[in-house]
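These numbers come from a predicted model, not from an experiment. Within every chain, numbering begins at 1; the chains are lettered A, B, ... in the order of the sequence lines, protein sequences first and strands thereafter.
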Amino acid sequence: MENTYNPMELMITIAARNLEDGAMVVVGTGVPVAAAMLAQMTQSPNLTILFEAGGIAPLLPTMPISVGDSRTTHKGLKATSMAEIMELCQAGIVDYCFLGGAQIDKYGNLNSTLIGDNYEKPKTRFPGSGGANDLASLCWKTMVVTPQNKKRFANKVDFVTTPGFIEGGTSRVDAGLPANTGPYKVITDIGVYGYHPDSKAMMLLSLHPGKTIDDVKANAEFEVIIPDNYETTVEPSELELKLLREKVDPSGVIIGRG
Amino acid sequence: MENTYNPMELMITIAARNLEDGAMVVVGTGVPVAAAMLAQMTQSPNLTILFEAGGIAPLLPTMPISVGDSRTTHKGLKATSMAEIMELCQAGIVDYCFLGGAQIDKYGNLNSTLIGDNYEKPKTRFPGSGGANDLASLCWKTMVVTPQNKKRFANKVDFVTTPGFIEGGTSRVDAGLPANTGPYKVITDIGVYGYHPDSKAMMLLSLHPGKTIDDVKANAEFEVIIPDNYETTVEPSELELKLLREKVDPSGVIIGRG
Amino acid sequence: MSDKQLKKGIGELFTSPNADDMRAFLKDKSKQMKNKLSSVSEAIDQFVKDGDYLAIGGFGGVRIPTALIHEIIRKEIKNLGFAGHVSTHDCQLLSAGKSFNRCDAAYIVGLEARGLSKNSRRMFESGNVKVTEWTNGALSWRFKAAAMGLPYLPSRTMLGTDTFKRSAAIEVECPFTQQKMAALPALYPDVAMIHVHRADVHGNCQIDGILVADDDIAKASKRVIITTEKIISNEEIRREPSKTVIPYWCVDAVIEMPYGSYPGNMPGEYFSDEEHLADWLKAEKDEMQLEEFIGHHILSSKDFYEYLEKNGGMNKMRKLMQAEHLY
Amino acid sequence: MSDKQLKKGIGELFTSPNADDMRAFLKDKSKQMKNKLSSVSEAIDQFVKDGDYLAIGGFGGVRIPTALIHEIIRKEIKNLGFAGHVSTHDCQLLSAGKSFNRCDAAYIVGLEARGLSKNSRRMFESGNVKVTEWTNGALSWRFKAAAMGLPYLPSRTMLGTDTFKRSAAIEVECPFTQQKMAALPALYPDVAMIHVHRADVHGNCQIDGILVADDDIAKASKRVIITTEKIISNEEIRREPSKTVIPYWCVDAVIEMPYGSYPGNMPGEYFSDEEHLADWLKAEKDEMQLEEFIGHHILSSKDFYEYLEKNGGMNKMRKLMQAEHLY
């Protein structure tokens, strides 16, 4: 029997599969925490979840509404400060972080600060970095989960809030960021993307069932590298969907967004 | 009735009188903690005592044997780390510290590291700075309590473990140490010394009863400034001696040393 | 020193990072452990003035000193600076009061998963607010630098981004490894406002759960106002010295303010009032409507108790306590 | 950059302060939360080898991992480096075993108010030990730099002294205020040995009273061996997340070792055995006598329990527990 699922359910499932057992991940509210919870219920019971406000390894009773609310330390292993979480990332302990943003460019640089070209009087002001710049600078691998369209997949982001591979090549390390860190995957409603090992430009890894290369191209302002050997995304299993709908997000707060 | 007292009792009493109510002081074991306890029992009930290992404002049940032992946090206001105590000093919160040493020079520089002229193979190795260099660098006023003799009051200390006024004048601030900090008083078995406001050289403030200027000179290798208007040390009161002997050090561990 | 080009952020530095200035201030400040009980109104009168730079404890919608922020709006204190260190409902409140004209921004104008504050955005899009860009880590470390008595801390964040460019950070080289680092200037606020679980009358404070940056903020700030769910005795503080997060000498005023984090979450005590926070976002869509909303909830309330009553009083608080304990 | 002359300490740097090296090590290290129960003998075999650089938790005679240090002597591990961060009885033990050949010294060869260790002094006066000079604050901050993932921290200590000259610190200028600072290189030990009050089998640890530097040391070190008065369940750890000082991922081995800090003090549990510590100082006066003393107490004891028995066993422990509670 084929499963039916919506794009949000697919993206969360793919994100969850990327979190191997024994790894450490800093998550935000919404998709990231849903993915981490699903991973813990499937292949990664020993996935350690951290929240940037200070919560470490809670037994999450329900999805938090804030990365600092009391759910994030519920039966946790440690409750600490934001500085300590960022220091753990800076020390090289944390494998993954999850980020989003209003815009992403082909090197994985993210904008969550503003739209417009006048910093002093922006057309649209967004929250800013929050912890995003820190996490993307300091964790080993940055994953981005985002719906894909031409506005979001931008040739040039209006403001580089958060570093990806900067200008590609070695420019990230040249800027002083820790070696061997950087963007890892971008999970959208169309496909999953990685980065070319040398140029560090975004590259298709797998296409979701029913999606086409034309969809990829039509929904990115920049040229996405399309290698010969990209894959087709494995659909969510019955078990994954069941857990996601019944245990992770029973009230449909996240997956209800479609 | 005249009181009899030994030099140790006199030095502790003088030290205690220098700690005004509401002040904060970092103390070590022995004379400093005895002085701080006596001050709390006399003019300074709200003297806050800190121990460099992490104990803050204990209700001391008895004199600690280590600056890190459990007495130092007995009913304390906070139990923390050594880094945090040093950071409080660095932030400018702490008024006084008490130090000793094998040698002191006329600018109040202290040696507690070694005797000899070969660092690699010292004639005598002492513990080193411990927290002394930090406290003398970072607290506002450094007090030294020490028996006085020609060896200890040295022309040149074998090793500047802990900064006094370095080479006098403005050299302490020039070295980068925080403004308006430095040696404050030296309390010996002969007298109490301060420092000349400009040259920063050691200067007699008061002579203990029965001691002479000749005693000062005979027990210092360097020339101590003798101003016209030095005072005579006020002797310990009956109450001070009673508290010291019955409450602070009832088993005579410190005052028994003479 | 190598020939690497070292960069400088062009953002404005709103506060002096000079550790010697703060040392001089603290030298003269009384550290007497006296009774500091006060009221919301008195404390704001005494310790917050036009133009001050504020640091607000907690995490935007978690353990925030709501009563104190309301009072700032009621007293129409203006031209404040503040640290947007995950500033969510607090940013929304200060925007509603048009209380500030400059901000060190790490996270502003949003309420996390709840959405964006339309009115906070109006404020920041007006061109009337000076903004310097940072990150959560950077602001945490800027407070920590100040708490440690340092003028700066090195970090490995912000490098290579516009966030750095619009910050006031300066690139330095590690003198040992020649690695490029972002030097972050210490942040010494004029006033900190922090809500805690328990405090004694002297200001020794206990906090349950995450600290966010409040231990550092208390040490970094020239003046500190504490609201607390509960006043406890000094004996109780002394029973568990390891639990004291903020020590008395940092604190200028202590106010007992039960439910003081409402409508925010108070870990272990009560959950956030999501309905009321949603009403806030709704009211912000229209400036007239917002004015009415603030008039009703804040300006016409004589104190925080009246605000609590208007939002359901004891019965509502009971429900939020139940929500916190997951039943 | 002004024209101030910036100085460099001439002391040797025994460990690399490069944060990227430690990052690479930690990237590959397993962070699985597994059962790490071990024995003193196994843990030392597995995690400490000739030439390693050691950090020892506690405060010299307070909350020290005595059993682990005894095992290092029994197994004749040599050429160690160590951080003399108030190293008192631990320094005395390592000197008795002639276990080290280099030391970052802040406080060594003394036992605070108890006097100086004649044998430790012999070791340090022999010319066979390389020493680099620091202060308690400096070593605390060197550990903290490492725990923070930084290659250095600036500080305002040591400036203008021979302590600085014989350190490996480097003067830098604050890029904001041009104040002269002492840059302290991060200290990343090979192995940390820490004694705690309670730990679960995964290595989540609770410590009562002062931490000294042990939270930072655990994070700074490549490998961490924990001895604990008591093993508790993971559920108990999760009951009070704020009490977890060392988290599991730092830890490689956990050993239940009641009275593990003997003859040192264990805050809240038992006081130090001052008689035995006095016997140590006495035995050190004569090298022959010391050999006999070590032979009896350490070398001929098959484990730490036997050492405890030789020193009065349960009855002595009971007395030290009474002394701790002041009756």
Side-chain angles (χ1 to χ4, degrees), chain A residues 28-30 51-55 61-62 64-70 72-74 79-83 85-87 89-90 109 111 113-114 116 118-135 137-138 157 159-163 166 171-172 174-178 253, chain C residues 58-63 84-86 88 105-110 112-114 116 121 124-127 130-131 133-138 140-141 143-144 155-163 166 171 179-182 208-216 265-268 271-272 274 324 326:
Chain A
T29 50
F51 292 88
E52 70 184 69
T62 162
I65 202 161
S66 158
V67 301
D69 80 30
S70 41
T72 65
T73 52
H74 183 77
T80 182
S81 65
M82 199 190 276
I85 299 294
M86 295 308 183
E87 287 156 17
C89 297
Q90 194 162 249
N109 301 301
N111 173 17
T113 300
L114 56 82
N118 180 354
Y119 176 79
E120 276 77 22
K121 203 168 178 317
K123 196 160 148 272
T124 310
R125 174 74 211 200
F126 295 122
S129 160
N133 181 304
D134 307 303
L135 300 176
S137 295
L138 306 173
V157 299
F159 192 97
V160 179
T161 310
T162 297
I166 318 271
S171 61
R172 184 182 160 98
D174 297 344
L177 292 168
V253 183
Chain C
F59 194 76
V62 182
R63 202 170 46 67
H85 185 238
V86 184
T88 70
Y107 185 98
I108 52 171
V109 312
E112 297 189 81
R114 301 175 191 101
L116 294 173
R121 286 171 71 178
F124 279 92
E125 291 161 5
S126 69
K130 290 195 278 187
V131 181
E133 219 65 32
W134 304 94
T135 67
N136 281 348
S140 282
W141 289 318
F143 287 129
K144 191 172 285 294
S155 79
R156 309 192 69 182
T157 193
M158 297 206 299
L159 297 162
T161 62
D162 290 331
T163 306
R166 289 290 174 176
E171 284 184 3
Q179 287 163 305
K180 214 185 276 178
M181 319 274 302
D208 297 343
I210 57 168
L211 305 180
V212 195
D214 296 359
D215 48 345
D216 290 330
N265 172 213
M266 189 66 184
F271 202 64
S272 44
E274 292 302 320
E324 176 66 7
L326 300 164

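By number of non-hydrogen pairs under 4.5 angstrom with chain A, the leading residue of C:Ser126, C:Gly268, C:Ala182, C:Gly60 is C:Ser126. Of the listed residues A:Thr113, A:Thr29, A:Val67, A:Leu135, the one with more heavy-atom pairs under 4.5 angstrom with chain C than any other is A:Val67. Ranked by heavy-atom pairs under 4.5 Å with chain C, the list A:Ser137, A:Pro127, A:Gly116, A:Gly176 is led by A:Pro127. Interface summary for chain C: among A:Thr124, A:Thr72, A:Thr62, the most heavy-atom pairs under 4.5 angstrom belong to A:Thr124. Ranking C:Gly84, C:Ala138, C:Gly61, C:Ala113 against chain A, the residue ahead of the rest is C:Ala113, based on heavy-atom pairs under 4.5 Å. Ranked by heavy-atom pairs under 4.5 Å with chain A, the list C:Val86, C:Leu211, C:Leu159 is led by C:Leu159. Counting heavy-atom pairs closer than 4.5 Å to chain C, the top-ranked of the candidates A:Val253, A:Thr73, A:Leu177, A:Val157 is A:Leu177. Interface remark: of the candidates C:Arg114, C:Glu274, C:Met266, C:Glu274 forms the most heavy-atom pairs closer than 4.5 Å to chain A. Most heavy-atom pairs under 4.5 Å with chain A: of the set C:Glu171, C:Lys130, C:Arg166, this distinction falls to C:Arg166. Contact count against chain C (heavy-atom pairs under 4.5 Å) is highest for A:Gly131 among A:Gly131, A:Gly55, A:Cys89, A:Ser171. When each of C:Gly110, C:Gly160, C:Ala105, C:Ala106 is checked for heavy-atom pairs under 4.5 Å with chain A, C:Ala106 comes out on top. Between chain C and the options A:Gly130, A:Ala83, A:Pro163, A:Ala132, heavy-atom pairs under 4.5 Å are most frequent for A:Gly130.
With contacts defined as side-chain heavy-atom distances shorter than 4.5 Å, the pair A:Glu52/A:Met86 qualifies.
Side-chain contact, C:Ser272 with A:Asp69: no donor N or O sits under 3.5 Å from an acceptor N or O.
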Check against side-chain hydrogen bond (donor to acceptor under 3.5 Å, both in side chains), C:Glu324 and A:Ser70
CA-CA 8 Å; C:Glu324 176 66 7; A:Ser70 41; 2.7 Å; yes
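Residue contact with chain A, scored on non-hydrogen atoms closer than 4.5 Å, involves the side chain of C:Leu116 exclusively. For A:Ile65, the parts lying near chain C are the backbone and the side chain together; criterion is any non-hydrogen pair under 4.5 Å. Neither the backbone nor the side chain of C:Phe143 comes within less than 4.5 Å of any heavy atom of chain A.
Between the side chain of A:Asn109 and the main chain of A:Ile166, a donor-acceptor pair closer than 3.5 Å is present. Remark: side-chain polar atoms of C:Tyr107 are paired, donor with acceptor, to backbone N or O of C:Glu112 under 3.5 angstrom. The backbone N or O of C:Thr157 sits nowhere less than 3.5 Å from a side-chain atom of A:Asp134 that would complete a donor-acceptor pair. Distance alone, capped at 3.5 Å, places no donor-acceptor pair between the A:Gln90 side chain and the A:Leu138 backbone. A donor-acceptor contact shorter than 3.5 Å is absent between the side chain of C:Lys144 and the backbone of C:Ala213.
When all heavy atoms of C:Thr161 and A:Thr162 are compared, the pair lying nearest together is CG2-C, 4.1 Å.
With sequence neighbours left out, A:Phe51 forms a ring-ring contact (aromatic ring centres under 6.0 Å, His included) with no residue at all.
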